[in-house]
Number of protein chains: 2
Amino acid sequence: MSVDREHVLRSAAALLTRKSTSTMDEVAKAAGISRATLHRLFAGRDALVRALEGLGIEECEAALTAARLGDGTAQEAVRRLVRELEPAAGLLAFLYTENQLFEGEEQNEGWARIDAAIAALFRRGQQSGEFRIDLTPAWLTEALYGLMASGAWAVSEGRVAPKDFKHMIVELLLGGALRREES
Amino acid sequence: MSVDREHVLRSAAALLTRKSTSTMDEVAKAAGISRATLHRLFAGRDALVRALEGLGIEECEAALTAARLGDGTAQEAVRRLVRELEPAAGLLAFLYTENQLFEGEEQNEGWARIDAAIAALFRRGQQSGEFRIDLTPAWLTEALYGLMASGAWAVSEGRVAPKDFKHMIVELLLGGALRREES
DNA sequence: ACCATATGAGACATCATTGTCTCATCCCAG
DNA sequence: CTGGGATGAGACAATGATGTCTCATATGGT
């Protein structure tokens, strides 16, 4: 009888990824429940967004764990990270832009931890000599988010094939557009 | 006596870049005029956004012209393009996310022209052998927008120094994070 | 079969924003 | 100095979304 809260969260994420201004009514319809039930599950729109933020943080942290950022070369770790992050890309894109709205407000500490872990990975790559040192870890982290969001939108609008998502992001982030010498 | 429409547009762009959900009242205050006058200049919020879109398109096309995309190597052209685009980065970031809201609607043909010109530049770089061919021109174009938006936000939140904006974007887009062999 | 509970449908007040209007005031041109 | 147009301040209704409520219905467990 009880509605699957997880399912509601997932479909809300999917809808809000496509149209970030969807109303509670649209979110409810998309989940196949009534607005009343949606309000019983989440006290309001803010609560829903915060729940989505929690879900996003959970998925990111799961991805960080699964990617074992400390293992192997930093380059390999980045590839694993993007692979693990891919299923959450749409949600991340939504939350990424949503965060731009919070002008001064403190951001969830979960994001700070995630940012720090990813920045640490890039720093490790710099210290090992794999990554260039003229691009700061903070910027590389930001760029990873930005490329994930761009990739998610490009896929959802058919400009990039879903199967190419990971390749496009990882290759651009690591290798850039320039053709490399065959070394 | 007559209010400087251009100035209003600029300050609206600056405000909406930071907080994309600002109300007409906030936009008016930011421009130093009353809401009544703002409504006299722009029939409504839609008209304001469309005017901003027009401004963004103008600035992009001016940047495309100034960057002379056909001259020299494609790499040099990309560098010039980012440099010319930098002053409009905040506005572009706003419009980029704003466009995600228009689900099915036709997008302004101006963007299609701009997209085509940038994609053509990347294609030229591929044909000349400068750029790798496994990243599609459409994706490289999308990634350029995404990195510009990420860069604009990172600067506005103090995570990246304004003077590094161009370098961070161009270097990541062209060269990627990996350290290159000293060739 | 029965009861408890969850759900759906919808009414309702509230709230913020928008768009329109009026009117007083200001400022520049003549 | 004066008249006319532009502006600012604010009132007002309309709109759309939200949050709360009630009640009928459906569903699931006992």
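Owing to the predicted nature of the structure, the values given are computational and were not obtained by experimental measurement. Below, each value reflects all heavy atoms present in this structure, side chains not excepted, and no hydrogens, waters or symmetry copies. A, B, ... follow the sequence lines: proteins, then strands. Residue 1 opens every chain.
Taking atom NE2 on A:His39 and atom C1' on C:dC12, their separation rounds to 14 Å, with Å as the unit. Protein atom CE of A:Met24 is 17 Å distant from nucleotide atom C1' of C:dG10, rounded to whole Å. The interatomic distance linking B:Lys29 (NZ) with C:dT18 (P) rounds to 12 Å, in whole Å. As rounded to whole Å, 16 Å separates atom C1' of D:dT18 from atom CZ of A:Phe42.
Within 3.5 Å, a donor on the side chain of A:Arg35 pairs with an acceptor on the base of D:dG19, or the reverse.
A salt bridge does not link A:Glu130 to A:Arg124: none of the charged nitrogens lies less than 4.0 Å from a carboxylate oxygen.
Sequence order on DNA chain D of the closest nucleotides to B:Leu38 and A:Ala36 puts B:Leu38 first from the 5' end.
A:Gln126 contributes a side-chain N or O that, together with a main-chain N or O of A:Leu135, makes up a donor-acceptor pair within less than 3.5 Å. The closest donor-acceptor contact from the side chain of B:Glu59 to the backbone of B:Gly56 lies at 3.5 Å or more, if one exists at all.
Residue contacts for B:Arg45: at a heavy-atom cut-off of 4.0 Å it reaches the sugar-phosphate backbone alone, with no base atom in range.
For D:dG8, the OP1/OP2 oxygens have a side-chain nitrogen or oxygen of B:Thr37 closer than 4.0 Å.
The side-chain contact (heavy atoms from CB on, under 4.5 Å) test applied to A:Arg80 returns A:Ala67, A:Arg68, A:Asp71, A:Glu76, A:Ala77, A:Arg83, not counting sequence neighbours.
When the nucleotides C:dT18, D:dG8, D:dG19 are ranked by their closest atom to the side chain of B:Arg40, D:dG8 comes out on top.
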